Amino acid sequence: MTDHPETEVPMAAPDERPRWLDSKANVTKVAWALYIVCAIAVLFDFVIHRHGDTGFDETFGFYAAYGFVGSVLLVLVARHILRRIVMRPEDYYDD
Amino acid sequence: MIDFPPGLLLILGALPVPFLRGWLRGIWMLALPVAAFALLYSLPDGNHFQIAAFGQELELLRVDALSRVFGYVFIIAIFLGVIYSLHVRAVEEHVSGLIYAGAAIGAVFVGDLVSLFVYWELTAIASVFLILARRTPEALAASMRYLIIQVGSGVLLLAGLIVRWHETGSIEFGHIGIDGAGGVLILLAFGIKAAFPLLHNWLQDAYPQATPTGTVLLSAFTTKLAIYALARGYAGTEELIWIGVTMTAFPIFFAVIENDLRKVLAYSLNNQLGFMVVGVGIGTELALNGAAAHAFTHIIYKSLLFMSMGAVLHRVGTTLATELGGLYKTMPFTTVFCIIGGASISAFPLFSGFVSKSMILSAAAHEGYYFTWLVLLFASAGVFHHSGIKIPFFAFFAHDSGKRPKEAPLNMLIAMGLASILCIGIGVWPSALYAILPFEVDFVPYTDSHVLSQVQLLFFSALAFTVLMRTGLYPPELRCTNLDTDWLYRRVGRAVLRNITKTAGAIQARFYGAVNRRGQRFLVQLYRHHGPHGVLARTWPTGSMVLWVALLLFAYLFLYFIDIF
Amino acid sequence: MLAQHLPALQVVIPLLAAPLCALFRRGFIGWLIAVAANWLAFAASIGLLIRVLNEGVISYAMGGWAPPIGIEYRVDLINVFVLLVVSGVGAVIIPFARTGTAARFNDTDQAWFYTMYLLALTGLLGVTITGDAFNIFVFLEISSLASYVMIAMGRDRRALTAAYQYLIMGTVGATFIVIGIGLLWAMTGTLNLADLAQRIPEINDTRPVLAALAFLTVGISLKLALFPLHLWLPNAYAYAPAVTSAFLAGTATKVAIYLFLRFFYTVFGGGGFFSSTPLPEMFLVLSIVAMFAASTVALFQDDVKRMFAYSSVAQIGFITLGISFVTEAGLTAAMTHLFNHAIMKAGIFMLLGGVMFRLASVKLEDMAGIGRKMPFTMGGIVILGLGLIGTPGTSGFISKWWIVLAALEKDQWWLVALILVASLITMLYVGRIVEVAYFREPSAKAASVREAPLAMLIPAYVLVAATIYFGLDTNWSVGLAQQAAADLLAGLY
């Protein structure tokens with residue numbers, strides 16, 4: 001899966017100036033921004049009345065909860081169940 | 001107005017390409033899709049081009065609303081693909097790309113199954129060169145597996161169309177349905193190309209092996225041609241809903257644990273196809289509109305995503321997540337384009353995926369398929385998770401790999417830029433897309449309710465990713481091979497075959513050994529007594545031939561005589 | 001006047017031209033004579049076709065002696081179809097022959113080669129046109145002996161053994177045929193096929209006639225290389241000079257198939273008798289085994305000529321499969337494939353001749369990367385290979401289409417599946433060549449080669465073009481085959 005690119009890939013210079021995202025604190029700031037946006041998004045449920053086709057999706061916070069739980073389940077199942085079944089060494093098919 | 005099939009225009013236009021050099025070649029290749037677009041635009045609905053062959057009337061240019069949508073987007077895709085690959089010098093890639101696209105476009109406009117079959121096989125044969133052109137041993141092996149499966153699909157289609165012709169006396173490519181054996185065979189053929197569950201693995205096997213530019217084209221045509229064919233032949237076939245639902249759900253689990261980012265995209269491509277298959281299965285006007293619209297937007301944003309990963313592959317030489325990270329520092333444009341693609345596939349409001357995917361979800365809910373709707377919703381959250389977040393995150397951010405590659409070449413950036421404009425343009429002004437859909441659209445994507453629901457779903461999916469990342473629960477990227485159904489033919493099948501040939505070889509050797517020993521002894525005896533022909537027994541092949549002759553003669557005598565007793 | 005004697009001219013022209021070549025002992029003159037004779041023979045075949053289409057069956061009394069005492073030449077749709085294939089394929093091959101033969105043989109040998117070629121052509125045309133059973137044997141021997149020499153002239157020393165085997169097996173086959181004919185003669189007192197066709201059906205359940213049938217079956221099976229009697233074919237095709245391989249692959253087995261049809265359908269009385277014997281089942285089984293066994297062997301060959309030789313055995317399986325159905329569709333499929341396969345295989349062997357000419361090898365490993373060096377040669381092989389697979393747009397597709405239709409008509413679903421799988425195997429071995437020729441780095445040998453000379457390419461491309469043409473316009477190939485099939489089933493002669 002590894003090709004030789006047309007030239008060697010340049011590597012970072014030792015004296016490279018760190019970027020804003022390189023700081024752990026700033027990454028935490030981004031995370032907090034996301035938490036706040038999420039909170040606002042849920043609170044909007046009080047302002048806008050969502051009309052669903054199914055009935056149950058009009059429940060407060062339905063999409064938020066479904067999105068969160070669904071994603072967590074997806075990752076955990078993939079990590080703990082699927083990987084256990086299908087993961088093999090990288091050179092599995094080479095012989 | 002000229003009545004000429006646009007697909008054929010591209011195929012014929014590809015032929016002079018090897019004889020052109022430099023900028024002349026570039027201009028010629030760019031002019032082809034432009035001409036095809038103009039041609040298609042000028043054609044009114046109706047049947048325009050018939051030829052008689054194989055004793056049948058073949059319909060090569062049936063223009064109607066459904067074929068037109070797919071025709072337009074295929075032409076857009078090849079146009080973007082040509083720009084994206086302008087820097088490539090290998091001529092076979094250009095030629096096969098154009099022929100491949102031409103075959104797919106041609107297939108969209110045929111009105112009968114025989115012509116469909118011809119183009120169907122041509123897409124298989126032309127596209128395999130896009131994988132072979134990578135020129136690695138893995139690519140060679142994968143391309144052969146790909147070719148066998150693709151041609152197998154064609155063979156099934158051929159078998160199905162013959163059976164159907166036998167059953168109905170018609171080779172017309174209209175609604176087919178699964179009432180007859182022919183219909184089932186044809187569905188199977190379409191299903192292979194559409195990567196139905198269990199028939200899907202050629203896609204994840206082959207696409208990541210193609211060249212950076214090749215995968216962009218591959219992702220656009222083969223599977224969407226299958227979606228078109230399904231929409232044409234099997235609209236409203238309820239079984240497709242279940243198939244589609246499965247397709248949306250299971251690939252995303254594989255996508256989460258996959259390390260090769262282009263393979264992640266291949267899995268998410270599979271998942272997106274599921275949405276379209278569900279749309280075809282529901283079969284209402286809204287659902288079919290949704291399937292067509294989603295195919296349209298999907299081709300563009302998926303190309304964009306594969307282009308961004310192709311740029312990474314081109315510059316870094318790998319798309320393994322474990323080898324990447326921090327590339328945003330030197331590839332800022334590619335990063336932005338990749339995020340736009342990610343936002344589109346995740347169906348963020350104001351991006352193209354939103355205006356098409358919501359049609360399918362609404363159609364499912366309208367028709368009361370609540371379970372289906374729930375799975376699709378789950379899959380929507382999941383696709384954001386791995387295509388919207390994982391791809392850009394691991395390639396461009398995440399742990400800094402220290403690699404500082406150059407920004408992508410200009411032509412790649414232009415192609416990605418154009419694709420991004422289309423993604424946002426369609427997302428902001430969906431009415432242009434809605435105007436060319438097969439049926440009248442009275443669907444409004446941008447309502448408070450829709451937008452809010454989608455925003456909540458996606459942000460909380462992102463929240464889940466963040467929380468899992470920051471708590472260390474997210475699976476670390478590992479260099480590994482994940483088994484899929486290809487295990488059946490790459491491991492089990494090969495082992496079985498090896499055993500069979502070994503055993504068969506041994507049996508055969510023993511059998512022939514025995515026959516030859518006996519035969520030779522017999523002949524030696526025979527000819528020793530008959531003097532001058534002794535020479536015959538000496539070279540055993542001749543001897544064994546004569547033995548066979550004798551055996552057969554006795555067999556025939558016996559068989560004929562037994563009849564009259 | 002001339003038209004009146006066309007049946008005789010068909011055979012006499014190449015027959016007289018043959019010693020002429022030997023007389024001049026000049027390669028170029030010999031070649032000119034061979035070209036002229038072959039083209040005239042082809043013209044005669046076309047003339048015969050026109051006459052048959054206009055006036056029906058032609059009966060021509062050789063030397064003015066009325067049949068059944070004299071030898072009768074009898075031309076109907078079935079054999080005029082085969083005559084066209086034989087003289088047509090020859091007419092394309094013979095211009096091609098010049099370059100290769102001139103480069104390898106001295107003048108005398110060249111003249112000798114053309115003599116043998118013309119004799120082989122005479123023999124094959126004679127077998128096809130004659131209406132006399134013993135005459136069939138004579139012409140068979142002429143063609144076998146001439147082909148024997150043509151094979152032995154191959155540059156590989158194994159050509160000698162191959163030719164020897166070919167001779168032995170050919171002789172065994174011919175002997176069986178003559179025994180069969182002798183038995184028929186003993187029972188009926190006539191050697192005239194039309195007469196036989198009248199008398200045999202009344203006595204076709206007697207033991208001598210059945211014994212004759214068995215001898216004829218085996219003899220002809222040998223000649224047409226039906227599995228498992230194909231063993232002589234691969235070596236003969238592989239080690240012979242390109243001209244010989246192309247000519248034999250395109251004509252010799254095809255004439256044997258004609259003989260089979262003539263004896264079993266015409267002489268023994270229409271399709272009814274044929275299907276009352278166990279022969280169709282035998283043929284069905286052997287054809288399927290041939291399709292698979294030979295294709296699989298082909299898949300593992302490293303010598304490309306041998307690969308296509310085994311492919312011939314498999315393709316003959318497709319033809320005999322069609323025959324075994326004993327239906328109009330099946331026979332149409334068989335006749336169509338007879339026609340199409342002759343064109344494709346002759347073309348492939350000619351192009352391989354071009355490869356041999358430049359590369360001095362047709363080993364797969366030596367052909368690595370040759371696709372860029374010899375684009376037209378390899379391009380032609382790929383197109384013809386696609387034809388063998390049965391790709392739409394080539395004549396091979398038409399053949400497959402009809403065979404599948406014939407199988408469907410009998411409701412043999414499993415057969416359809418087998419036919420399609422066999423096509424997949426064909427795809428694999430053609431794919432192997434494509435992969436080696438286009439996607440490998442050029443081998444040491446291939447690095448310095450050039451495109452084959454035009455004198456070789458142009459004739460080969462006539463056949464490439466024909467393969468595509470007959471894939472699109474089927475009026476001639478299928479149209480004639482269909483009529484011929486109907487005549488065969490009805491036992492018309």
Side-chain angles (χ1 to χ4, degrees), chain A residues 1-7 9-13 16 19 21-22 28 30-31 34-35 37-38 41-42 44-45 47-54 56-57 61-83 85-94, chain B residues 134 136 138 208-209 252-254 256-257 260 313-320 323 329 362 365-366 370 373 377-378 381-382 385 397 400 402-406 448-449 452-468 470 473-475 478-484 490-491:
Chain A
M1 241 147 291
T2 308
D3 278 2
H4 296 289
E6 37 189 22
T7 49
V9 185
M11 297 305 284
E16 198 184 67
R19 304 285 189 101
L21 266 181
D22 287 334
T28 314
V30 174
L34 179 68
Y35 300 154
V37 171
C38 284
V42 179
F44 253 93
D45 264 11
V47 185
I48 296 171
H49 173 69
R50 287 186 285 104
H51 8 246
D53 294 298
T54 63
F56 51 81
D57 57 332
F62 170 80
Y63 284 94
Y66 195 79
F68 186 80
V69 174
S71 301
V72 170
L73 276 181
L74 165 68
V75 170
L76 294 184
V77 168
R79 175 178 183 177
H80 292 290
I81 300 179
L82 191 62
R83 256 203 181 159
I85 303 171
V86 302
M87 195 166 84
R88 294 291 181 278
E90 198 176 18
D91 57 357
Y92 178 75
Y93 285 120
D94 312 339
Chain B
R134 182 90 176 274
T136 59
E138 294 87 20
Q209 297 293 353
I252 57 180
F253 288 94
F254 280 90
V256 168
I257 56 169
D260 183 345
L313 179 65
H314 181 68
R315 285 303 193 207
V316 187
T318 178
T319 50
L320 296 182
E323 311 287 306
K329 292 176 180 171
S362 294
H366 271 313
Y370 293 145
W373 181 82
L377 202 60
F378 165 70
H385 215 270
F397 303 99
D400 191 343
K403 291 181 172 133
R404 298 289 181 267
K406 277 191 291 185
D448 301 347
S449 172
L452 180 61
S453 311
Q454 187 67 7
V455 167
Q456 288 180 346
L457 183 79
L458 294 179
F459 272 110
F460 274 81
S461 179
L463 180 67
F465 181 81
T466 316
V467 170
L468 291 170
R470 291 178 75 82
L473 286 172
Y474 196 85
L478 297 173
R479 300 193 67 131
C480 61
T481 299
N482 291 314
L483 306 185
D484 198 339
R490 291 176 71 179
R491 206 64 193 232

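A quick note: this is a predicted structure, and the numbers were derived from the prediction, not measured. Each chain gets a letter, A, B and so on, in the order its sequence line appears, and its residues count up from 1.
- Between chain B and the residues A:Val72, A:Leu34, A:Val47, A:Val30, the largest count of heavy-atom pairs under 4.5 Å involves A:Leu34.
- For B:Phe254, the parts lying under 4.5 angstrom from a heavy atom of chain A are both the backbone and the side chain.
- Closest approach of B:Pro475 to A:Arg83, counting heavy atoms only: CB-NH1, 3.7 Å.
- Of all the listed residues (A:Gly70, A:Ser71, A:Ala65, A:Ala31), the one sharing the greatest number of non-hydrogen pairs under 4.5 Å with chain B is A:Ser71.
- Residue contact with chain A, scored on non-hydrogen atoms closer than 4.5 Å, involves the side chain of B:Leu468 exclusively.
- Note: B:Phe465 and B:Tyr474 meet the aromatic proximity criterion, with ring centroids under 6.0 Å apart.
- Heavy atoms of B:Leu458 lying under 4.5 Å from chain A are absent altogether.
- For A:Phe44, the CZ atom sits in a loose shell: 12 or fewer heavy atoms of surrounding residues, nucleotides or ligands are nearer than 6.0 Å.
- Annotation: side chain of B:Leu452 is not in contact with side chain of B:Asp448 (no heavy-atom distance under 4.5 Å).
- Note on A:Asp22 versus B:Lys329: salt bridge recorded, some NZ/NE/NH1/NH2 to OD/OE distance being below 4.0 Å.
- When atom types are taken as modelled, the side chain of B:Arg134 and the backbone of B:Gln209 share a donor-acceptor pair closer than 3.5 angstrom.
- The choice from B:Asp400, B:Leu377, B:Val467 that makes the most heavy-atom pairs within less than 4.5 Å of chain A is B:Leu377.
- The two residues B:Lys403 and B:Val316 come nearest to each other via the heavy atoms CD-CG1, 3.6 Å.
- Of all the listed residues (A:Ala78, A:Gly61, A:Cys38, A:Pro89), the one sharing the greatest number of non-hydrogen pairs under 4.5 Å with chain B is A:Cys38.
- The contact between A:Leu74 and chain B is made by backbone and side chain atoms together, counting heavy-atom distances below 4.5 Å.
- If you measure heavy-atom distances from B:Ser461 to chain A, the contacts under 4.5 Å come from both the backbone and the side chain.
- Among B:Asn482, B:Val455, B:Ile257, B:Asp484, the residue making the largest number of heavy-atom pairs under 4.5 Å with chain A is B:Ile257.
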